[in-house]
Amino acid sequence: MPQNLQGECQPDGTNESTPKIQRIKITRPSEDSEKKIAVKRVKDVEVSVPIVYGTIAFWLGRKASETLSHKWTVYVRGATNEDLGVVIKRAVFQLHPSFNNPVRVVESPPFEISECGWGEFEIAISLFFHNDVCDKQLDLYHHLKLYSEEDSGPQSTKKPVVVETYNEIVFPEPPADFLARVQNHPAVVVPRLPATLSLPPAPVQEVHESGRGDTKDHMLSPWFVNFSEADELLKLAAARQQVQAHIMKLRRQLSMMDGMPQSLKPASG
Amino acid sequence: MDAKDILLGLPKPTTTPTPLGHQLLPLPADKKSRPPKESQRKPDGISREVYALTGGLAPLMPSVDVNHLKRRAQSENEKITWQWLPFTSSARKDNLQLYHWVRVVNGVPPSGDYSFAKYNKSVDVIKYTDDEYEKHLTDPMWTKEETDELFDLCERFDLRFIVIADRFPTSRTVEELKSRYYSVCRAILIARAPAPGDIAGHPLVKDPYNISQDVERKRALSMVLSQTKQQERRDAEVLAEAKRISEARKAAKGTDELEVPAMTDTVPDDNDGAAAAVDSLSPSPNAQFTSGAIAPPVSEIASTLASLRMMRVYLRTHALEQMVQAASSSAGLRTIKRVEQTLQDLGVNLKPKVPTKAVCAEHLELRKEILILLNLQKQLQYKEAEGSSYRDGLYAETPGTPPKRVQRAVEQDRTFVPDSFSFGGERMGKRDQKRKAPGRLLEGPPSPAQSKRPRKFKASDG
């Protein structure tokens, strides 16, 4: 029998036919939230959002001056360039205080800021999620790089300095509403849901008025790095195999030593 | 010369001269003045205070004035004599005549029973009839003679089972005797009771003696008693971890959560693992920790998992950092550096470039396996050091294995030489170790610079 979450949660008495106990937990919101209603969370289902964040910086070439030598963009995008607006409500970029209005707020995807300048500094990025997702913000930090590390000669206006970092935003116990809304969205990784789980009906998705929030055809997309876990997984698997083989060898050696005749070994405890 | 000597040793012109002349002036015995201490007989060579620390010399003046003591009131009114008189005790059943000193007041000796007779208490051991035995008390493990003997001993020795066990003709353990005694008493009690309800509250009926539980309890106690310090420390660690975990869980339940009966699969398994290790008695944690390889710090990992769940949102890299920290919590800085070196040698990024869930899991497992590997290497080194030092006959001469151990660590820091995944490095280490050993030991421990640099292995050494 599917569990109906719209009203009260069923007590254990009605669960006898289902193999697993109900997976829904009711949460009272934290003190800073203004909502008084309880948030229903789904346990054992971890939702993750793969993101890439970083900077791309172009040398301005002939137009460069002492104070404005590069133009650069800092951004947060989906790792597969899908629309992050389904999860992120707003992104706040904290630039160097020497910039005008160093706190830049972006209310809709694509979440990015473009600027011109001459200096490298650390940018703080704060991600705020939609109300039904999470009331806590997530902070990222990225160091803006304007100059390439390789000693290739003069800078080129065509080849930017790209620094991207891959990461995943993890929601260990996502609210049921959020899960219902995004379970089929390409930007969000949702594991296979247990059969006993039933979610509230998903609200109709609104199309962003300002256009698409994805970055598939973004101007800078040619420079985006394609992060694939395959290489790393292969390397890790090979490394583990080696280590495991070495461990077995040592264990054999140790057990052989334990079997040595007593005359060669001092009596040890 | 002590200041006190000067002050008190010399005669003071203002006070009345005493017959003692230059001797110490007696001071009034009140708390404000300092009693003249050892100024005359203080030992030379150490200061007065130091000597006082050892107990020193007692003050020459009494601290309490004898006149201030209370006087015994009666001693002046009555005539007290002490006489050697015979007495009887109700505790004795025979007619033995004993004598003792008696305080006689005005010719009247004290009356009453011997004052210690009231302490002669004994246990009322149940007496059953043969009939009752036939009906209720037969037992395949016990003959009637044995049972009778048991009860007789119980009567004689007031249920001191250890003594009874000692004197019992056939060899029975204390627990067996107790079990038989209590079950007989219980059976008799039930049989003799007019209605079962009357004795339902009796302790023998409510909580009968459980022999297996008693045996287990004593065994556990003896294990706890014979724990080594190391085991005690480990148990304390596990207990502290379990406490932390339960507090983390309580915090989760307290703030914001109303738990509808739902169970998580992952976290409680680890938590229960740690809790079960704590709940059961000493044997299991000991078994867990004294196994050959170091078990990963389960409780540390479990509490990290729990705290990650508490966060509503986090980055995958943050989770990995926390888990790596938890897994390496039992390792020192040196070991962690060696883990990182090994990772580099294997061509693995210290922090994954593409931290997906799968990659992070593999990375963590790899780190744990490397820790196990390093631990095994260390064990091997210890064993070899023991074995080879004994064989070389230097066991008696050298203070111990530490110098050799450090040196060997230097040679074997690089197990995985990049681009040549052979185990040649380690094997050569063993052989060469023996060659170098005699010379090295006499040199003493290697210099710090040498031990810090992980050298690639060299076949010959200067």
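Convention: sequence-line order gives letters A, B, ...; per-chain numbering from 1. Note: hydrogens, waters and symmetry copies are ignored here, and every other heavy atom, side chains too, is used.
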Fill in: Residue, of B:Leu366, B:Thr317, B:Thr356, that accumulates the most heavy atom pairs under 4.5 Å with chain A
B:Thr356
Worksheet item: Where on A:Leu138 is there a heavy atom nearer than 4.5 Å to chain B: the side chain, the backbone, both, or neither?
Response: side chain
Practice prompt. For A:Gln241, look at atom CD and say whether over 12 heavy atoms of other residues, nucleotides or ligands are found less than 6.0 Å away.
Written response: no
Item to complete: Pick one of side chain, backbone, both or neither for A:Thr165, based on which atoms fall under 4.5 Å of a heavy atom in chain B.
Response: neither
Item to complete: Give me the contact list for residues 230-237 of chain A versus chain B, heavy atoms only, anything under 4.5 Å, ordered by residue number.
Response: A:Glu232, A:Leu233, A:Lys235, A:Leu236, A:Ala237
Discussion item. Quick check for you: to the nearest 0.5 Å, what is the distance between B:Leu364 atom CG and B:Met323 atom CE?
Written reply: 5.5 Å
Worksheet item: Is it true that A:Tyr75 and A:Phe224 have ring centroids separated by less than 6.0 Å?
Response: yes
Worksheet item: So which of B:Met310, B:Arg316, B:Lys353 has the biggest tally of heavy-atom pairs under 4.5 Å with chain A?
Response: B:Arg316
Practice prompt. Measure distances from B:Leu308 to the heavy atoms of chain A and classify the residue's part below 4.5 Å as side chain, backbone, both or neither.
Written response: backbone
Worksheet entry | Reference residue A:Phe171; test side-chain contact (heavy atoms from CB on, under 4.5 Å); the match among A:Leu179, A:Val49, A:Val188, A:Val42 | A:Val49
Discussion item. Check A:Glu168 with B:Lys357, please: is the shortest side-chain N to carboxylate O separation under 4.0 Å?
Written reply: no
Discussion item. I need the A:Ile88 CD1 to A:Arg90 CZ distance, nearest 0.5 Å.
Written reply: 11.5 Å
Worksheet entry | Whether over 12 other heavy atoms sit under 6.0 Å from B:Lys351 NZ | no
Worksheet item: Could you give the distance from NZ (B:Lys383) to CE (A:Met256), rounded to the nearest 0.5 Å?
Response: 12.5 Å
Worksheet item: With respect to chain B, which residue among A:Ile247, A:Val189, A:Val133, A:Val170 yields the maximal number of heavy-atom pairs within a distance under 4.5 Å?
Response: A:Val170
Discussion item. Between A:Glu107 and A:Lys89, does any NZ, NE, NH1 or NH2 come within less than 4.0 Å of an OD or OE carboxylate oxygen?
Written reply: no
